[in-house]
K.L.:
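Pasting a structure here, questions to come.
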Amino acid sequence: QVQLVESGGGLVQAGGSLRLSCAASGRTFSSYSMAWFRQAPGKEREFVAAINWSGRSTDYADPVKGRFTISRDNANNTVNLQMNSLKPEDTAVYYCACTAFPYTRRTETAFGSWGQGTQVTVSS
């Protein structure tokens with residue numbers, strides 16, 4: 001079972017930036033597809049971004065496209081989410097997730113392991 005630990009959340013003003021990181025345990029991290037989801041208060045958890053095992057293929061939800069960048073460092077078992085031009089509507093708990101299978105879908109059920117989440121709050 002892969003363990004995922006997120007870090008980097010915090011409070012930032014609108015227009016600012018944050019960089020989230022997710023550290024993964026396990027020797028086979030480089031074969032996993034990774035993703036970030038988020039859950040705002042009173043809303044369902046939603047897909048944010050995903051990256052395949054090599055890092056050559058990425059996918060973004062429309063609300064974050066052009067502002068967020070997902071990347072991975074297989075040598076250090078980490079996946080990152082660089083968030084720029086943050087908006088108050090980006091406020092949420094952000095979760096890291098992974099799957100041992102090739103990334104194909106933006107759904108929660110496609111990912112078998114999850115972190116505990118990190119809070120991101122964007123003030124207006």
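Heavy atoms only: backbone and side chains are in, while hydrogens, waters and symmetry mates are out.
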K.L.:
Between M34 and R72, is there a side-chain heavy-atom distance shorter than 4.5 Å?
P.N.:
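Yes, at least one pair of side-chain atoms sits under 4.5 Å.
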
K.L.:
Taking C-beta and beyond as the side chain, do S71 and R19 meet within less than 4.5 Å on heavy atoms?
P.N.:
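Counting from C-beta outward, S71 and R19 do come under 4.5 Å.
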
K.L.:
Hey, what do you get for OH (Y94) to CG (L18), rounding to the nearest 0.5 Å?
P.N.:
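Answer rounded to 0.5 Å: 9.0 Å.
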
K.L.:
Which is it for K87 and D90 under the salt bridge (Lys or Arg N to Asp or Glu O under 4.0 Å) test, yes or no, and what are the steps along the way?
P.N.:
CA-CA 5 Å; K87 304 175 182 180; D90 294 319; over 6 Å; no

K.L.:
Might you work through the side chain to side chain contact (heavy atoms under 4.5 Å, CB included) test for R38 and E46, ending with a clear yes or no?
P.N.:
CA-CA 5 Å; R38 68 185 181 186; E46 64 177 4; 2.7 Å; yes

K.L.:
So among I51, V79, V64, N80, which one has a side-chain contact (heavy atoms from CB on, under 4.5 Å) with W36?
P.N.:
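Of the listed residues I51, V79, V64, N80, the side-chain contact (heavy atoms from CB on, under 4.5 Å) partner of W36 is V79.
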
K.L.:
Under the 3.5 angstrom rule, does the side chain of N76 hit a backbone N or O of T78 as a donor-acceptor pair?
P.N.:
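Flag not set: sc N76 to bb T78 has no pair under 3.5 Å.
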
K.L.:
Which residues satisfy the disulfide bond (SG atoms under 2.5 Å apart) test with C96, sequence neighbours excluded?
P.N.:
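By the disulfide bond (SG atoms under 2.5 Å apart) rule, C96 matches C22.
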
K.L.:
How about L81 and V48: do any of their side-chain heavy atoms sit closer than 4.5 Å?
P.N.:
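Contact flag for L81/V48 side chains = yes.
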
K.L.:
Could you check if a side-chain atom of V2 sits within less than 4.5 angstrom of a side-chain atom of F29, using non-hydrogen atoms only?
P.N.:
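With C-beta onward as the side chain, the pair stays apart.
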
K.L.:
Side chain of S33, backbone of Y103: donor and acceptor closer than 3.5 Å?
P.N.:
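Between the backbone of Y103 and the side chain of S33 there is a qualifying donor-acceptor contact (under 3.5 Å).
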
K.L.:
Applying a strict under-4.5 Å side-chain criterion to I, L, V, M, F, W and Y, I'd like to know whether L4 and W53 cluster together.
P.N.:
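No, no single cluster joins them.
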
K.L.:
Do F47 and Y95 land in one hydrophobic cluster if side-chain heavy atoms of ILVMFWY residues count as linked below 4.5 Å?
P.N.:
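As far as the 4.5 Å side-chain criterion goes, Y95 and F47 are connected within one cluster.
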
K.L.:
Would you say that more than 12 heavy atoms from the other residues, nucleotides or ligands in this model lie under 6.0 Å from the CD of Q3, or not?
P.N.:
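No - once you tally the heavy atoms of other residues, nucleotides and ligands closer than 6.0 Å, there are 12 at most.
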
K.L.:
May I ask you to check whether F37 and W114 place their ring centres under 6.0 Å from each other?
P.N.:
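They qualify: ring centres under 6.0 Å apart.
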
K.L.:
Donor-acceptor check, side chain of T121 to backbone of L11, threshold 3.5 angstrom: yes or no?
P.N.:
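No.
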
K.L.:
For the residue pair S54 and N52, confirm or rule out a side-chain donor-acceptor distance under 3.5 Å.
P.N.:
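Yes, N52 and S54 have a side-chain donor paired with an acceptor closer than 3.5 Å.
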
K.L.:
Would a 4.5 Å heavy-atom cut-off, applied to side chains only, mark E6 and S21 as touching?
P.N.:
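No; the side chains remain at least 4.5 Å from each other.
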
K.L.:
Give, for atom CG of L86 and atom OG of S17, the distance between the pair rounded to the nearest 0.5 Å.
P.N.:
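Spacing of CG (L86) from OG (S17) equals 6.0 Å.
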
K.L.:
Do T91 and Q119 have side chains that approach each other closer than 4.5 Å (heavy atoms only, starting at C-beta)?
P.N.:
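Contact flag for T91/Q119 side chains = yes.
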
K.L.:
Considering non-hydrogen atoms only, spot the tightest contact between R67 and S85 and give its length.
P.N.:
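So the minimum-distance heavy-atom pair works out to NH1-O, 2.9 Å.
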
K.L.:
Decide yes or no for L20 and M83: does some side-chain heavy atom of the first lie under 4.5 Å from some side-chain heavy atom of the second?
P.N.:
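In contact.
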
K.L.:
Surrounding NZ of K43 (heavy atoms of other residues, nucleotides or ligands, distance under 6.0 Å), is the total greater than 12?
P.N.:
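12 or below, so no.
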
K.L.:
Are Y60 and V120 in one and the same hydrophobic cluster, where Ile, Leu, Val, Met, Phe, Trp and Tyr link if side-chain heavy atoms are under 4.5 Å apart?
P.N.:
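Per the 4.5 Å side-chain linkage, Y60 and V120 are co-clustered.
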
K.L.:
Before giving the answer on side chain to side chain donor-acceptor pair (under 3.5 Å), spell out for Y32 and T28 the whole-Å C-alpha distance, their side-chain angles and the decisive distance to 0.1 Å.
P.N.:
CA-CA 7 Å; Y32 296 148; T28 56; 2.8 Å; yes

K.L.:
Within the side chain of R106, is there an N or O that forms a donor-acceptor pair under 3.5 Å with the backbone of A49?
P.N.:
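No, because the side chain of R106 does not come within donor-acceptor range (under 3.5 Å) of the backbone of A49.
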
K.L.:
Do N84 and F68 touch side chain to side chain, with heavy atoms closer than 4.5 Å?
P.N.:
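No; the side chains remain at least 4.5 Å from each other.
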
K.L.:
Between CD1 of I70 and OG of S57, what distance do you get to the nearest 0.5 Å?
P.N.:
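Those atoms lie 10.5 Å apart.
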
